[in-house]
Protein chains: 4
Amino acid sequence: MPSSQTGADEIDADADPDTAARQARTRLRSRQLLAAAARVMERDGTESVSMQALADEAGVSVGLIYRYFGGKDEILLAVIVDVLDAFAVRVPDAIATADPDPVARFAAAFGAYCAVIAEHRHAALLSYRESKNLAEQGRRRIQQLEVATSEPLRDLLREGIEAGLFHQVDVDLVAYDALLMAHGWALKHWYFERTLRFEDYVARQTSLLLLALLLPRHRRKYARFLEHTQP
Amino acid sequence: MPSSQTGADEIDADADPDTAARQARTRLRSRQLLAAAARVMERDGTESVSMQALADEAGVSVGLIYRYFGGKDEILLAVIVDVLDAFAVRVPDAIATADPDPVARFAAAFGAYCAVIAEHRHAALLSYRESKNLAEQGRRRIQQLEVATSEPLRDLLREGIEAGLFHQVDVDLVAYDALLMAHGWALKHWYFERTLRFEDYVARQTSLLLLALLLPRHRRKYARFLEHTQP
Amino acid sequence: MPSSQTGADEIDADADPDTAARQARTRLRSRQLLAAAARVMERDGTESVSMQALADEAGVSVGLIYRYFGGKDEILLAVIVDVLDAFAVRVPDAIATADPDPVARFAAAFGAYCAVIAEHRHAALLSYRESKNLAEQGRRRIQQLEVATSEPLRDLLREGIEAGLFHQVDVDLVAYDALLMAHGWALKHWYFERTLRFEDYVARQTSLLLLALLLPRHRRKYARFLEHTQP
Amino acid sequence: MPSSQTGADEIDADADPDTAARQARTRLRSRQLLAAAARVMERDGTESVSMQALADEAGVSVGLIYRYFGGKDEILLAVIVDVLDAFAVRVPDAIATADPDPVARFAAAFGAYCAVIAEHRHAALLSYRESKNLAEQGRRRIQQLEVATSEPLRDLLREGIEAGLFHQVDVDLVAYDALLMAHGWALKHWYFERTLRFEDYVARQTSLLLLALLLPRHRRKYARFLEHTQP
DNA sequence: TATGAATGAGCCTTCATTCAT
DNA sequence: AATGAATGAAGGCTCATTCAT
């Protein structure tokens, strides 16, 4: 479910080999630029992503960027989408790899969300900042992806509820809370990095989530997830 | 515990009526400008708070703003502090007014946090974005206020734990999560406003929090807080 | 030959006692403001004379300044005129007080120019900077005063030439050079203050001037003025 | 001894023709902008050199200026340095070209100073006004250049003294006076331009300087320099 | 395709000047 | 007469965007 890139490569299925080559190059450039954007953000923060800084980091000229993106907004949109794509890849992956148990899969999914955010700490916060600036179209796109992206979590919650493991919670809200807790690492990173390692953060948040979700009678069984509750 | 304003009116204790009148006007203007800032944010997003936009919204000239604030940073700081001050006033108030029961007080406190955020939806998000840009001094100020502001929540958590009502959770983390969930209303307002009324949002989040916190044996007693779990 | 103030008190001879009182107050305020301007300049440099700084230094409100001066330019003009007035008072005074000998009087006059400049170091340089900004009228006024102000020097030069003491130099040019050398103390004050005391500066410049002026056969007689030639 | 430019073209020794072309263009633009700055000063005075005025005069946009200069200070510094560079080129040149006689070389040097100032009338006065505003580094740079720039004059003075031609004067002070007299043409241009042609100004000032410097017994020999004494 | 010089609107800030009180 | 709050036109600077090469 990857590759939701942002319009730079929307030219569909064209057998012309020349066009194919162009598409390949386009895709390459796009990735190169998005990677550069991510690097700049991670290094200097979200505010310092000027077109010049981006060009420098990518090793291309400013002008070239406009061949692959319609403008700055489009790039930021693409960066946001990139993170959402990462969710779309990594979370299902983590679920598939994990223990088949619903709780374990839920924990794995949440961990994957957290991991992606930790890897794109600044990019992950971009959507909070840019929503207003983005064109209506881009905003809707993001919102759709966000919903789609959190679908696995909702699925697992429903599954857990149906299996009689979880309380009958508001699945939408809990899924959102889980994402919020994952974003929490990025939002207050300056605070947590001094008090908690990333692994501990994830473990404790997982504990709290499951504490809220699990019916009491299953707690013993999942004690391994719950034991990180205390500081 | 209010009055952490931002320097525009620090001239203290002066019986001179002239000075008193000036102070009053100063305070009035400051409030007017902060209110205008909040309105601009609410209308156009936190990015569009240019001095010109602020002046237009407040119905004054650009130059005048600089009589009341040292610069843009100071205004943003003041807006942030304003919200934190609201927490400092409203949360203790809600706690004092509530049922003496620790759980009820916790719920009241959380509700007050949410209410303040709902009233300052955009301003409440400002600190996430501006911390980096603020001068060291301002940043420390905010951080201190944030800590002070969330202290009541931590106190109640500790109290609940000591009373044998709550699990022995990481108090700092849970308090942060609660704030995050309160901010959640502002962060994803576009989503929730279509599915949930504010009161429902608060009720359900309260339920979830208490579901995680309460020892199973106390759940029945506090069923009134927990019954909003389901959609 | 004093009092060439700048228009704030041009109301002429009016017997009305009320008007007389007003004139007195006007004159007082003008002096107060000019003195404040001089103080600000001497303390913070010529660039920092904002109307606010001036008002603060004078202990009045900004608005009041406009009752006595038409605007900033007029104040600066008045400050310049003030220095020129000081020349008009102090130089004739020094000449009158000095030894009747033409050379001694020339030396005394030059010393007086230097002294006035040392006392109004910043104000003295103002005219170099403001000429372009001043209204045509003000500029002409200054130029006339400058010429008038240097008249004593020219008189003494002519006298010395006629007395067979000085070479038959271009009186205008030498007078100008002498003024330039006096201003030199202000222009490169940052340099000289580390290498020369004011008195030495004056003594040496006097020596150089007389070295150029005096016919060789009179040098022995005026050796006391010439002995400061060497470093 | 030229080339003390101000950083816009410090990239040295690169055989890459592309870079070479860029350097050429950079140098061109820099010169164009400095020339425009000089023209604006000449037309409207040194105060009116706003970035907008400069851009208009140079026929470029404001933004472009910042590609070649770090800011306004840097431009003013460059203008000042430009004049000092002109001294550094023209004065040694004049000395080398002149009659080997020390007095003739001194006269030639002084004439060259005057000529440079006449050509950069307003720019030459800039340093008096801007020294304070410049960053420490720039100020030191100017001071060093000023010292270096006036060194030839001091050398010639020392040489004349050692050769028994000049009185044993304070070399530093006389060199400063000479520069002051050269600047005099710019400082009081409004006055002299009506009474004296530039050549006469120089000739007479040279006469005066030598009148002060030359031992009486050498005067006859250098009569050709002294005969311009009278008006 | 790729460059980067060039543009210009917009931002924050200062300050001389005015005017209601 | 006196105040100082209020104005608004500059000023310096940045940066997304365009376009000739």
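Sequence lines set the chain letters: A, B, ... in the order given, protein chains first and strands last, and positions in each chain run from 1. Because the structure is a prediction, the values reported are computed rather than measured.
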Integer-rounded Å distance: [N] [atom2] and [X] [atom1]:
X       : N      : atom1 : atom2 : answer
B:Arg22 : F:dA6  : CZ    : C1'   : 15 Å
C:Leu33 : F:dA2  : CG    : P     : 10 Å
B:Asp56 : E:dC12 : CG    : P     : 12 Å
C:Ile65 : E:dT18 : CD1   : P     : 13 Å
D:Arg67 : F:dT17 : CZ    : C1'   : 13 Å
D:Glu74 : F:dC13 : CD    : P     : 10 Å
A:Leu54 : E:dG4  : CG    : P     : 15 Å
A:Phe69 : F:dT18 : CZ    : P     : 16 Å

Please identify which of these residues, A:Glu130, A:Glu136, A:Gln137, meets the side chain to side chain contact (heavy atoms under 4.5 Å, CB included) condition with A:Leu134.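 With A:Leu134 as partner, side chain to side chain contact (heavy atoms under 4.5 Å, CB included) holds for just one option, A:Glu130.
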For residues 61-70 of chain B, which residue pairs pass the salt bridge (charged side-chain N to carboxylate O under 4.0 Å, His left out) check, not counting sequence neighbours?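 Counting only pairs at least two positions apart or across chains, no salt bridge (charged side-chain N to carboxylate O under 4.0 Å, His left out) contact touches residues 61-70 of chain B.
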Taking B:Val62's backbone N and O only, do any of them form a donor-acceptor pair with B:Gln52's side chain (distance below 3.5 Å, no angle check)?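 No; zero donor-acceptor contacts below 3.5 Å.
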For a quick test of your reading: what N or O donor-acceptor pairs under 3.5 Å do the side chains of residues 37-45 of chain B make, sequence neighbours left out?
{"residue": "B:Arg39", "atom": "NH1", "partner": "B:Glu57", "partner atom": "OE2", "Å": "2.7"}
{"residue": "B:Glu42", "atom": "OE2", "partner": "B:His122", "partner atom": "N", "Å": "3.3"}
{"residue": "B:Glu42", "atom": "OE2", "partner": "B:His122", "partner atom": "ND1", "Å": "2.7"}
{"residue": "B:Arg43", "atom": "NH2", "partner": "B:Glu57", "partner atom": "OE1", "Å": "2.1"}

Taking both distances under 3.5 Å as the test for a Watson-Crick or G-U pair, what stems of at least three pairs does DNA chain E have?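 When the pairs of DNA chain E are grouped into runs of at least three, the stems are E:2-21 with F:2-21.
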Under 4.5 Å between any side-chain heavy atoms of B:Val60 and B:Arg29, yes or no?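 Yes, side chains in contact.
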In Å and rounded to the nearest 0.5 Å, what is the OH to CD distance from C:Tyr66 to C:Glu74?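 The OH atom of C:Tyr66 sits 10.5 Å away from the CD atom of C:Glu74.
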To the nearest 0.5 Å, what is the distance between CD1 on A:Ile75 and CG on A:Asp82?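 CG of A:Asp82 is found 12.0 Å from CD1 of A:Ile75.
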Counting only side-chain N and O atoms of D:Ser61, is one of them less than 4.0 Å from OP1 or OP2 of E:dT7?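 Yes, within the criterion.
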With respect to the phosphate group of F:dA6, does any side-chain polar atom (N or O) of B:Arg29 fall under 4.0 Å of OP1 or OP2?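 The answer is yes; a side-chain N or O of B:Arg29 sits under 4.0 Å from OP1 or OP2.
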Results of side chain to side chain donor-acceptor pair (under 3.5 Å) for D:Thr46 - residues two or more places apart only: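 Side chain to side chain donor-acceptor pair (under 3.5 Å) list for D:Thr46, sorted by chain: D:Arg129.
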Would you please name every residue forming a ring pair (Phe, Tyr, Trp, His ring centres under 6.0 Å) with C:Tyr128, sequence neighbours left out?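 Scan of C:Tyr128 (ring pair (Phe, Tyr, Trp, His ring centres under 6.0 Å), adjacent residues dropped) gives C:His183.
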Please write out each protein N/O paired with an N/O of nucleotides 13-16 of chain E under 3.5 Å, distance rounded to 0.1 Å.
{"residue": "E:dT13", "atom": "OP2", "partner": "B:Tyr66", "partner atom": "OH", "Å": "2.7"}
{"residue": "E:dT13", "atom": "OP2", "partner": "B:Lys72", "partner atom": "N", "Å": "2.9"}
{"residue": "E:dT13", "atom": "O5'", "partner": "B:Tyr66", "partner atom": "OH", "Å": "3.2"}
{"residue": "E:dA16", "atom": "OP1", "partner": "C:Lys72", "partner atom": "NZ", "Å": "2.8"}
{"residue": "E:dA16", "atom": "OP2", "partner": "C:Met51", "partner atom": "N", "Å": "2.8"}

